[in-house]
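Computed from a predicted structure; not experimentally measured.
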Amino acid sequence: QVQIVESGGGLVQPGGSLRLSCEVSGLTSRYWAIGWFRQAPGKQREGVSCIALKDDSIYDHDSVKGRFTIVRDTARNTFYLQMNSLTIEDTAVYYCAADRFWGTMTEPDCLPYYGSWGQGTQVTVSP
């Protein structure tokens, strides 16, 4: 059974940086995808950055490209979301999720249909 624990959320000023952590246990092979998703108040959950463990291919959503990306620490079974140049629009609950995946990561593979989810961590960007 996959277990996911997120941490690292908080309050940050616009232009600042934050790193979220996602510790994953229970992965039995490399055929998995790990994704970071977010949901702002009144909005649908969206994919932010996802990685395919088979080949380390990564997809970053256009809204965060060049500012956010997922970083894998294999030794710690931990996946970080490094967030730079934060804006007020990045305020949301951020979730880490996992699902079985055999391909190369592309946009349609970074959608919130994943089967295993963490509890979420709040990120608030405010002056």
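- Partners of D109 by side chain to side chain donor-acceptor pair (under 3.5 Å), not counting sequence neighbours, listed by chain and number: T106.
- Using a 4.5 Å cut-off between side-chain heavy atoms of Ile, Leu, Val, Met, Phe, Trp and Tyr, V5 forms no hydrophobic cluster with any other residue.
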Let me have the donor-acceptor pairs involving side chains of residues 115-125, under 3.5 Å, with sequence neighbours excluded, atom names and distances please.
unit_1	atom_1	unit_2	atom_2	d
W117	NE1	Y114	O	2.6
Q119	NE2	E6	O	3.1
T121	OG1	G9	N	3.1
Q122	NE2	A92	O	3.4
Q122	NE2	T124	OG1	3.3

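- Scanning for side chain to side chain donor-acceptor pair (under 3.5 Å) contacts around T91 gives an empty result, with sequence neighbours left out.
- Partners of Y95 by ring-ring contact (aromatic ring centres under 6.0 Å, His included), not counting sequence neighbours: none found.
- Within the structure, every pair that satisfies the disulfide bond (SG atoms under 2.5 Å apart) test and touches residues 49-91, not counting sequence neighbours, is listed here: C50-C110.
- Applying the salt bridge (charged side-chain N to carboxylate O under 4.0 Å, His left out) test to every pair with at least one member in residues 84-101, sequence neighbours left out, gives these pairs: R38-D90, R67-D90.
- Residue pairs satisfying the salt bridge (charged side-chain N to carboxylate O under 4.0 Å, His left out) criterion with at least one member in residues 74-85, sequence neighbours excluded, are listed as follows: D73-R76.
- For R72, the side chain to side chain donor-acceptor pair (under 3.5 Å) partners are D56, T74, not counting sequence neighbours.
- Every residue was checked against the ring-ring contact (aromatic ring centres under 6.0 Å, His included) condition with W32, not counting sequence neighbours, and none meets it.
- At least one side-chain heavy atom of S126 sits less than 4.5 Å from a side-chain heavy atom of L11.
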Pairs of donor and acceptor atoms involving the side chains of residues 14-24, under 3.5 Å and at least two apart or interchain, shall be tabulated with distances.
unit_1	atom_1	unit_2	atom_2	d
S17	OG	N84	OD1	3.0

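- Applying the side chain to side chain donor-acceptor pair (under 3.5 Å) rule to Q39 yields the partners R45; only residues at least two apart in sequence or on another chain are considered.
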